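Values in this document were obtained by computation on a predicted structure and should not be read as measured data.
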Amino acid sequence: MAIKGNSGELKSRSSASIFIVIGLCCFFYILGAWQRSGFGKGDKIASAITKQTDRSVISNLNYETHHGDDVVTADGSDKAAKEFPSCHAKYVDYTPCQDQMRAMTFPRDNMIYRERHCPPEDEKLQCLIPAPKGYATPFPWPQSRDYVPFANAPYKSLTVEKAVQNWIQYEGNVFRFPGGGTQFPQGADTYINQLASVIPIDSGMVRTALDTGCGVASLGAYLFKKNVITMSFAPRDSHEAQVQFALERGVPAVVGVLGSIKMPFATRAFDMAHCSRCLIPWGENGGLYMMEVDRVLRPGGYWVLSGPPINWRTYFGAWKRPKEDLEEEQRKIEEIARLLCWEKLDELGDIAVWKKRTNYDLCRQQDIKPNLCEPSYPDDVWYKKMEACVTPYPNSTKSYEEWKPFPDRLNAIPPRISSGSVPGVSVDMYQEDIQIWEKHVKSYKSINNLIDSGRFRNIMDMNAGLGSFAAALDSPKLWVMNVMPTIAEKDTLGVISDRGLIGIYHDWCEAFSTYPRTYDLIHANGIFSLYKDKCKAEDILLEMDRILRPEGSVIIRDNVNVLIKVKKIVGGMRWDARMVDHEDGPLVSEKVLFVVKKYWVVGDIITANNKKKVKN
């Protein structure tokens with residue numbers, strides 16, 4: 001009898017699981033159809049370009065886990081979720097750690113005032129950043145490269161200031177991006193082809209690039225054609241909303257500056273670094289900035305400098321600068337490049353290209369040698385001052401001399417793992433991690449079939465590990481910003497870079513260096529367990545809400561007890577959230593919380609039961 005009873009119970013559970021899966025699939029199919037259907041709140045934008053969908057509030061996500069998810073407080077009471085109000089409309093484009101008013105209280109030397117300066121605990125906003133009126137979901141890639149809805153970033157100053165340089169044009173209710181730049185008014189394609197005559201961009205050997213002072217990131221936008229992914233950065237300054245435009249276009253970018261602090265990237269992270277009239281004083285401060293670029297360039301990587309002072313004899317008249325100043329500026333840059341043991345490959349008009357040596361053998365023969373940085377952990381960069389010293393090459397450069405092209409390197413054994421330079425990470429662990437995340441991502445796609453549809457372009461992994469989530473998602477339709485928490489037990493950001501992916505260090509107790517509404521999908525694996533004793537979960541969730549687009553999605557993977565508390569908080573955040581079981585079944589304590597952020601804008605009033613009213 002006992003055997004029959006257990007069999008019936010198992011059949012009942014199995015049937016329930018089947019219905020849950022069917023329900024999930026139906027929900028996301030309907031959601032996908034709805035998001036393409038054209039109903040809701042968005043403006044009719046550029047109908048000749050695409051049929052822009054309208055938006056309304058998503059309701060009744062209908063899936064549950066086998067574990068109960070009612071939240072009971074320590075005293076046994078079941079309190080309602082705290083309702084987070086809308087922030088004032090003036091915060092619609094708020095960047096907490098690059099706030100303009102706060103920045104002006106810091107020194108201007110070495111661009112310190114443009115660096116990260118986060119608000120103290122008692123000044124953090126405890127409200128939800130609203131979207132501007134008329135906000136519309138960005139166009140799908142590659143249309144988004146060329147067009148951005150005006151309502152999403154309603155700032156016209158660059159259309160006037162950069163009119164002759166083909167940065168951006170205002171046309172009706174969209175911005176159009178012709179693909180030009182200060183140094184390439186004829187278009188990024190022509191400029192990239194010039195670079196490709198010297199740099200093997202088409203071979204897959206250049207996969208990751210760093211664009212310093214990126215403007216609206218047209219270089220990064222067009223490098224995607226070559227299967228090159230570019231980390232672009234620029235400060236939040238008088239060039240209003242340039243990084244915001246980049247992300248609205250679907251191009252990776254962060255708010256940042258080369259000032260006094262090291263860049264938040266791993267050592268040897270990029271195949272190419274680029275500056276196109278980026279106004280960085282490369283020859284000053286004893287070559288400090290070029291030494292920092294050298295740190296993040298892999299052995300055999302390339303540095304491109306275009307614009308002043310390159311080939312000053314020809315261009316000094318057009319640049320309207322004294323010949324003597326330009327000559328001295330280029331002399332200093334050339335001198336520092338020799339000190340760094342870079343090989344100058346060519347000058348193409350006002351474009352110069354250098355190559356970092358694949359190993360240090362030739363450099364040992366130089367008469368003048370640079371000051372090498374003290375032996376220490378070279379990736380300890382978070383809020384650390386730049387130093388006028390050169391980061392030593394790794395003990396073994398053989399892997400870089402035999403560097404694999406992309407996509408071969410995506411799942412090949414990364415040099416940092418094969419050399420044993422990442423403590424606690426073996427080849428077997430790496431290969432197992434790939435298999436685990438292929439399984440997880442397959443499960444995600446079975447639940448949310450929009451993941452690989454082109455609906456989600458800008459994706460963030462808040463706790464990226466070895467980068468296998470991004471690797472499993474690899475597609476020309478999307479890119480992933482891999483974030484390495486500064487408190488992670490194992491620092492594996494360098495491994496992520498070795499795989500041909502982009503990534504950045506960050507402390508999730510602070511705001512990320514981006515504008516609001518810049519990510520379509522956020523993945524958070526174990527982030528709340530990691531930070532449970534460091535900062536409040538609601539502060540992390542409010543930051544996630546700030547950077548997530550209306551109707552964007554979140555996938556949170558964590559222990560069930562942690563997720564129950566998280567689900568309680570998001571109940572007051574205008575998010576629809578439901579928990580599902582681990583892929584291996586209900587007995588696994590790790591669960592997954594799927595979230596969709598509701599569409600609402602400045603002036604909308606959301607009642608306690610999440611019903612929307614229109615403000616009179």
Side-chain angles (χ1 to χ4, degrees), residues 58 61 81-87 91-98 118-119 124-131 135 244 247 254-255 444 448 451 456-464 469-470 480-488 503-532 534-558 562-579 591-600 606 610:
I58 299 170
L61 301 188
K82 172 186 174 181
E83 291 286 334
F84 291 92
S86 169
C87 300
Y91 291 111
V92 71
D93 286 325
Y94 182 52
T95 52
C97 297
Q98 288 89 11
C118 300
K124 289 183 178 180
L125 297 182
Q126 294 296 303
C127 52
L128 304 173
I129 302 293
Y135 178 86
Q244 188 175 21
L247 286 154
V254 292
V255 181
Y444 293 164
N448 184 346
I451 288 177
F456 301 132
R457 170 69 180 171
N458 303 1
I459 298 178
M460 174 180 283
D461 192 357
M462 295 177 68
N463 185 17
F469 168 76
V480 179
M481 181 68 74
N482 293 283
V483 182
M484 180 58 53
T486 56
I487 65 168
I504 190 170
Y505 290 106
H506 184 66
D507 180 357
W508 285 111
C509 290
E510 300 178 358
F512 193 73
S513 293
T514 192
Y515 283 81
R517 303 172 301 281
T518 45
Y519 286 87
D520 305 302
L521 172 66
I522 298 174
H523 180 250
N525 175 42
I527 203 75
F528 293 98
S529 290
L530 181 64
Y531 277 91
K532 65 180 180 180
K534 301 296 182 181
C535 47
K536 293 185 291 186
E538 69 178 41
D539 286 343
I540 297 175
L541 286 163
L542 286 171
E543 175 60 6
M544 293 167 70
D545 182 83
R546 183 184 74 88
I547 68 179
L548 184 66
R549 297 192 192 283
E551 296 181 325
S553 292
V554 179
I555 302 173
I556 306 174
R557 178 179 287 270
D558 218 314
V562 173
L563 287 187
I564 287 172
K565 295 175 182 177
V566 168
K567 187 172 182 287
K568 173 82 172 185
I569 297 170
V570 304
M573 291 179 60
R574 311 180 190 186
W575 289 10
D576 282 313
R578 294 293 184 271
M579 203 186 308
K591 306 294 175 186
V592 185
L593 190 69
F594 285 85
V595 173
V596 178
K597 178 179 176 178
K598 296 177 184 292
Y599 179 96
W600 63 280
I606 308 294
N610 276 330

Hey, what do you get for [atom1] ([X]) to [atom2] ([Y]), rounding to the nearest 0.5 Å?
X	Y	atom1	atom2	value
Met462	Ile555	CE	CD1	13.0 Å
Cys509	Ile540	SG	CD1	6.0 Å
Arg546	Leu541	CZ	CG	14.0 Å
Phe594	Asp576	CZ	CG	14.5 Å
Met544	Leu542	CE	CG	10.5 Å
Leu548	Met573	CG	CE	9.0 Å

Using side-chain heavy atoms (C-beta onward) and a distance below 4.5 Å, is [X] in contact with [Y]?
X	Y	result
Phe469	Asn525	no
Leu563	Phe528	no
Lys532	Val562	no
Tyr531	Asp507	yes

*Is atom OH of Tyr91 surrounded by more than 12 heavy atoms (other residues, nucleotides or ligands) closer than 6.0 Å?*
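Counting neighbours around OH of Tyr91, 12 or fewer heavy atoms of other residues, nucleotides or ligands fall under 6.0 Å, so no.
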
| request: Could you tell me how the ring of Phe512 sits relative to the ring of Trp508: parallel (under 30°), tilted (30 to 60°) or perpendicular (over 60°)? | output: parallel

Taken in chain and number order and not counting sequence neighbours, the residues that satisfy salt bridge (Lys or Arg N to Asp or Glu O under 4.0 Å) with Asp558 are none

Residues at least two apart in sequence or cross-chain that pass salt bridge (Lys or Arg N to Asp or Glu O under 4.0 Å) with Arg557, listed by chain then number, are Glu583, Glu590

**Prompt:** For Thr518 and Gln244, does a side-chain donor sit closer than 3.5 Å to a side-chain acceptor?
**Reply:**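 Not at all, the side chains of Thr518 and Gln244 share no donor-acceptor pair under 3.5 Å.
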
Closest contact, heavy atoms only, [X] versus [Y]:
X	Y	answer
Pro85	Gln126	CD-O, 3.8 Å
Leu521	Ile451	CD2-CG1, 4.5 Å
Thr514	Thr95	O-CG2, 3.4 Å

Subject >> Main-chain N/O of Gly552 paired to Tyr519 side chain as donor or acceptor, under 3.5 Å >> reply: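 Not confirmed, Tyr519 side chain does not pair with Gly552 backbone.
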
Next on the checklist: Between Lys567 (side chain only) and Leu593 (backbone N and O only), is there a donor and an acceptor less than 3.5 Å apart?
Outcome noted: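 No; zero donor-acceptor contacts below 3.5 Å.
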
>> Working note: His506 + Met481, criterion side chain to side chain contact (heavy atoms under 4.5 Å, CB included); need CA distance, chi angles, decisive distance, verdict.
In response: CA-CA 11 Å; His506 184 66; Met481 181 68 74; over 6 Å; no

Between Phe456 and Asn448, does the side chain to side chain contact (heavy atoms under 4.5 Å, CB included) criterion hold? Intermediate values first, please. CA-CA 11 Å; Phe456 301 132; Asn448 184 346; 3.7 Å; yes

field: Of all pairs that satisfy salt bridge (Lys or Arg N to Asp or Glu O under 4.0 Å), the ones with a partner from residues 517-526, not counting sequence neighbours
entry: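 Passing the test, one end in residues 517-526: Asp93-Arg517, Asp520-Arg549.
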
>> Show, in sequence, the C-alpha distance, side-chain angles and deciding distance for Trp600 and Ser86, and conclude whether the side chain to side chain contact (heavy atoms under 4.5 Å, CB included) test is met.
In response: CA-CA 10 Å; Trp600 63 280; Ser86 169; 3.4 Å; yes

**Q.** Worked check of side chain to side chain contact (heavy atoms under 4.5 Å, CB included) between Ile564 and Met579
**A.** CA-CA 9 Å; Ile564 287 172; Met579 203 186 308; 4.0 Å; yes

